[in-house]
Structures are given as structure tokens and as C-alpha cells.
Amino acid sequence: MSFSVHGQAVSRGIVIGRAVVVASSRIDVAHYIVAADQIGAELVRLCQARDAVAQEIVRVQHNLGELGTHDAHPELSAVLDVHLMLLQDDTLIGGVTHWINERHYNAEWALTTQLEVIARQFDEMEDPYLRERKADLEQLVERMLRSMRGAASPVAPAKAAPQKGAATDVGPHADVPLVLIAHDLAPADMLQFKQSVFVGFVTDVGGKTSHTAIVARSMDIPAVVGARTASQLIAPEDWVIVDGDAGVVVVDPSPALLTDYGFKRQQGEQQREHLARLKNTPAVTLDGQKIELLANIEQPADVAAALKAGAVGVGLFRTEFMFMGRNGKLPDEEEQYQAYLSAVQGMQGLPVTIRTVDVGADKPLERVGTRAGDDHLNPALGLRAIRWSLSEPLMFLQQLRAILRAAAHGAVSLLVPMLAQASEIHQTLELLARARAQLDERAQAYGSVRLGAMIEVPAAALTIPLFLRHFDFLSIGTNDLIQYTLAVDRSDEAVSHLYNPVHPAVLQLIASTIAQCNAQGKGVSVCGEMAGDVSLTRLLLGLGLRSFSMHPAQILAVKQQILRSDSSRLKAWAHSVLLAEEPAALMAD
Ligand code: PEP
Ligand code: MG
């Protein structure tokens, strides 16, 4: 029977596909698609894990027998018998084999998927004894996953980004659109999915500006986050419609609903085609104000989408994605240099703003690490972004050198995230000077950079003159500025109704930052998600913003708004919005 689940609309469009449910396991599991010629190797890993766990059970049984304690521990003997039986039963291994063969999942993913399928069957059983066997199965699967951990997959991606061939080759089922349903997805996992097969995403947790949502948006595929119990309500292989415009997921849709959504989808596609015509149109308002539309990227390959959308540069390269999902093995200077160089060269002479690493909070460096991980009491207020960089000076120097070297090949700006204190500014500048001195010592070429600071903490927004003394330009990170001003976790769906970009306090901080930069002739842009929200374009123009940085997928729609706007007439209106008790009410005008 058809039903729908509601969440937050984070990435536009409508897709219809079959659900792939990523089970949440107590063990962290990698999810990736293996190439057709690697399927055999995945099956071997699966069998080896099964055999290793079976041998372990037999060994324990044998020891119990040797000690003559078999009868003293009847429950333990019974549990071991059940585990052995479950291991040999074809429902588990046969099912896992199916997911590897048919869907090309890596062995760990296939195993957790099959666990999910069987667990649901157990949940429906009348007999309480049988229902409780689910816990045995879970234990068994965990042991197999642990065993696999010791035997890494020959095709497991070594870096955050999977090998292209491995990720796109989905074998015989390439024609079935797949929608990924998960309780949560780490941003690093999302990045792995970037070049993959999924046509839509749904997660139980997350807010509009959580990094998982941001990556989904950058992939330009429909996504709904904060859908609470979606991963429990939706079963593997269910047909689902993801409506990324309305934030709705329709499960098992009726033929009438399918027709309805098919029509909406067609309309969306027509709209996109229409917008594509604006690619080469300069972004100029009706009163002749030139507006800079820049792209946010997560990896060098994203420059293709930036150019395709007509971006006039990269306004935010989130370099941290290169640091994540690598089990703590960070990219060295050379690897970083090559990545930055590739972005600079890929932009064909257009400027590129490279932001220094911003890990921590909802972008943990290591899933189970202690450094800049998510194991702190309050990670968003912890050792995040520049704070972490300054606590790891050797790492930071490496990154600064790599950026300076890339700057020898094009127009590069260096942007520093989350600064809030004068001492952080001074330490950053000292390290930058040291990085230059080190390159001089090595006689290695480097270029000049424009230096920018992100304004994402209210303390920074309230001390703009300090920043303007030290930096060439400022970039307002509204995602964090909203979170820190309103004390609302940007990733927590439970408080997402309070995450309000047009709260008067937020607007005042944005407006005064823009005004102070404009007064001094310093560059200022917005690179948070507000920049790509067409419902806010006129307001930001009215507040004097002339540079917007957003995911390439949003550029053309924002350009359309700009072409229809008269910034001189918007000024008075924007200031009335700013002073309103409920700015949102005026926004609808
Ligand atoms: C922001 O906070 O607005 C921003 C652009 O940085 P990030 O989303 O990566 O935290
Ligand atoms: Mg930020």
C-alpha cells in the first residue's frame, strides 16, 4: 500500500526508483560498487569471512568439549549451534551472494543489506523464540564484518573518491534506477557515491545545510533528509518516488501518483532546459549592476560542472573532502598540490578560492578517531576548522605550501574557515609566512594569493574591522553563521524548524558585514547555502551583495533572478526586511 514519508527538501527534482536500504550497523561499513571483474574477489572475501567465523565457533565448541564444560554451559552450546546453523543457512550467504552478483555491492555492504532483509522477516515472526534469533544473526554478521576488516577488499577505494570505473560499472542492473535510503550518511560516504549509480537519496537525519545535504545538492540529484524513520519504513527493493522539491518520499506509489509525478518531473526538466540558455548571459541586474556568480566545489573534478553552469570562478573549494574517509592517513603536500593544480588548470584562467581544511563537527576526519572526530561532547563548538589546523601546524604548513605552489599557475585565493579571534588570525598569518619561507629555502616556485577570511561565527561578524585590517576579502559562511547565531545545530532535524536564515539577528550580521566591506572597497561574498537559494537572491542584492558562491546546479536559477531584479529598488525594501520583527512575512511580498 502506498504511503509517504516527509522530511526536508534539500536537492531539487523528482526521481522514481527502487530503494537500496543501507542498514546501520554497529560496525562502520564502507559502501561502494565493485567493477564486474572484481565480483569474484568479493565473493572470496565473503566465503573467507564465513569460514573464519565458522572455524572460530567450532574451536570454542571443541574447547568446551575438552574442558568437559559442555553440559555446564548449555545456553552457550545452544547459541553456538544456532550460530553455526545460521552461517550454513542459504538465506544469509545466498542472499549476500545475490547482492554482490546482481547489484555489485562490496561484500560488507551486501552483508549488512541481507542482514536488514532477514531482520525484517524475524521482526514479523509470531514465535518470540524465533524473533529473538535476530540478535544472534546480528552478532554473527558483526563477527564476519570484523573478520573482513582484517582482509581489506582489493578494490576498496583508498581515497574519499572511488575509482571511476569501479563506481560507475553497475553491471546487469544499470537500467534500474536506484535510490539510496539510509539512517545517516557521512559526507565522506556521500562523496564516494558522487560518481555512482544512485539517482536519489533519503536519510533519516540531517538538516538543510548538513554537509550530507550539501554534497547531495552538489550532485544535483533529488534528496530528502531528516525523514526520521524512513530507513525503517522503507524496505529494500520498494519502489519510491523522491520529491526533492517538496521533501516527500512516496513509497509503493499508485499508478495515479506515478502519472502525477511523471508529469511534474517533465515540467522540471523543461524548466532546466530553459535555464540552460542563460549560461553565457552576463549576470547583470536591470539597473546595470554586475554580479559575480561563483561555484562551490568539493573536488577538482567538480570544475567541469562549474564551467558548464557558466560560473566565473570557484568561490569555495572545500578541501576537507580530500582529508576524509582515509582512516587518518592524510594527503601529503604533493597529493594536495596536484589536486589544487588540477582545479586551477581546470578553471582555464578563472580564479579559484581554496579554503583550508575544515574538518570536525559533521565532517569528522576519522569515524572512530579522537582527532577532530565526532566523539567530542559538542563537536560544532570543538576543535574544528582553523582551530584544528592551528593545533596541527605541520599538517597546516603542508596545506599552505601546496596552495601557494598551485598559485604559481593561476589566480588563487586562500580562504580560512571559522576564524573568531585575533590570536587565530595572527597565528595563521605567521604560518603562511613560514610556509613561504620554507618554499624559498627549497627554491620552489609559488604564487601570490588573495587572502580571505570566512565570517561564520557571530564574534567575527561583530569585529569586521579587525578582519578587514588583515584580509583582502571576506566570505560569509551563512550555514555556520546561522547555526552559531541561533544556537541551532545545522545537522539536527529535531531543531530544523528553528534554523532560520532570515532571523533578524542573522540578517543584521550579514548586512553589516556586507556594508563594512563595501564601504572599504573590499570584496565580500556569501558562500553558504543562502547564496544559492533563489528565494533570498533579491534580499541579498538589496543588502548590497555583488558576489554569490553556490553549487553549480543553482547558478542558472539565481542568474535568472538577478536578470529580473533592479538592485536600486530593492535596497529600501531589503532594509525594511532587516528591521522587521518577522522578516519572513515581508519576504513573500
Ligand atoms: C558555511 O558555513 O556557510 C560554509 C560555506 O562552510 P561549510 O558549509 O563547509 O561549513
Ligand atoms: Mg562553514
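FYI, the numbering just counts along the sequence from 1. Computed over heavy atoms, backbone and side chain alike; hydrogens, waters and symmetry mates excluded. Both counts, for ligands and for their atoms, begin at 1 and track the order of listing.
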Worksheet entry | Contacting atoms of ligand 1, where contact means under 4.0 angstrom from a heavy atom of Lys363 | 9 (O)
Discussion item. Counting only heavy atoms closer than 4.0 Å, does ligand 1 sit against the backbone of Arg355, its side chain, both, or neither?
Written reply: side chain
Worksheet item: Please walk me through it: do Val506 and Thr478 pass side-chain contact (heavy atoms from CB on, under 4.5 Å)?
Response: CA-CA 8 Å; Val506 173; Thr478 48; 5.8 Å; no
Practice prompt. Supply the atom-to-atom distance Phe548 CZ to Ile476 CD1, rounded to the nearest 0.5 angstrom.
Written response: 10.5 Å
Worksheet, complete the sentence: Between the CD1 atom in Ile510 and the CD1 atom in Ile482, the distance rounded to the nearest 0.5 Å is 6.5 Å
Worksheet item: Has Glu529 got any heavy atom lying under 4.0 angstrom from an atom of ligand 1?
Response: no
Worksheet entry | Test item: Asn296 side-chain N/O and Cys527 main-chain N/O as donor-acceptor pair under 3.5 Å | yes
Item to complete: For the Mg ion (ligand 2), report each protein N, O or S atom nearer than 2.8 Å, sorted by chain and then by residue number.
Response: Glu456 OE1, Asp480 OD2
Worksheet, complete the sentence: Within the 4.0 Å heavy-atom cut-off, what Leu481 brings close to ligand 1 is neither
Worksheet item: For ligand 1, which part of Arg490 has a heavy atom less than 4.0 Å away: the side chain, the backbone, both, or neither?
Response: side chain
Worksheet item: Against heavy atoms of Gly477, which atoms of ligand 1 measure under 4.0 Å?
Response: 1 (C), 2 (O), 3 (O)
Worksheet entry | Residue Cys527 vicinity, atoms of ligand 1 by number, heavy atom under 4.0 Å | 5 (C)
Fill in: atom 7 (P) of ligand 1 - nearest protein heavy atom and its distance
His211 NE2, 3.3 Å
Worksheet item: Do we see a donor-acceptor contact under 3.5 Å between the side chains of Ser567 and Gln289?
Response: no
Item to complete: Classify the angle between the aromatic ring planes of Phe317 and Tyr340 as parallel (below 30°), tilted (30 to 60°) or perpendicular (above 60°).
Response: perpendicular
Worksheet item: Of all the atoms in ligand 1, which lie at a distance below 4.0 Å from a heavy atom belonging to Arg318?
Response: 4 (C), 5 (C), 6 (O), 7 (P), 8 (O), 9 (O)
Worksheet item: Where's the contact between Arg384 and ligand 1, heavy-atom distance under 4.0 Å: side chain, backbone, both or neither?
Response: side chain
Worksheet item: Counting each atom of ligand 1 from 1 as listed, which ones have a heavy atom of Ile214 under 4.0 Å away?
Response: 8 (O)
Worksheet entry | Atoms in ligand 1 flagged as close to Leu316, the criterion being non-hydrogen separation under 4.0 Å | 5 (C)
Worksheet entry | Parallel, tilted or perpendicular: rings of His470 and His426 (30°, 60°) | perpendicular
Worksheet, complete the sentence: Note: Asn296, heavy atoms under 4.0 Å from ligand 1, region reported as neither
Discussion item. Could you check whether any heavy atom of Met454 sits closer than 4.0 Å to an atom of ligand 1, since that is the contact criterion I want to use?
Written reply: yes
Worksheet item: Is Arg434 atom CZ crowded by more than 12 heavy atoms from other residues, nucleotides or ligands, each under 6.0 Å away?
Response: no
Worksheet item: What atoms of ligand 1 come closer than 4.0 angstrom to any heavy atom of Glu456?
Response: 1 (C), 2 (O), 4 (C), 6 (O)
Worksheet item: How far apart are the closest heavy atoms of Leu474 and Cys517, and which atoms are they?
Response: CD1-SG, 3.6 Å
Worksheet item: Within a reach of under 6.0 Å around NZ of Lys208, are more than 12 heavy atoms found that belong to other residues, nucleotides or ligands?
Response: no
Item to complete: Check whether the side chains of Glu529 and Thr209 place a donor and an acceptor atom closer than 3.5 Å, and report yes or no.
Response: no
Worksheet entry | Atom CD of Gln338 with >12 non-hydrogen neighbours under 6.0 angstrom | yes
Worksheet item: Charged N to carboxylate O under 4.0 angstrom, Arg490 versus Asp480?
Response: yes
Practice prompt. Determine whether the side chain, the backbone, both or neither of Asp358 has a heavy atom under 4.0 Å from any heavy atom of ligand 1.
Written response: side chain
Worksheet item: Does the side chain to side chain donor-acceptor pair (under 3.5 Å) test come out yes or no for Gln516 and Gln520, once each step is laid out?
Response: CA-CA 6 Å; Gln516 291 177 75; Gln520 289 204 20; over 6 Å; no
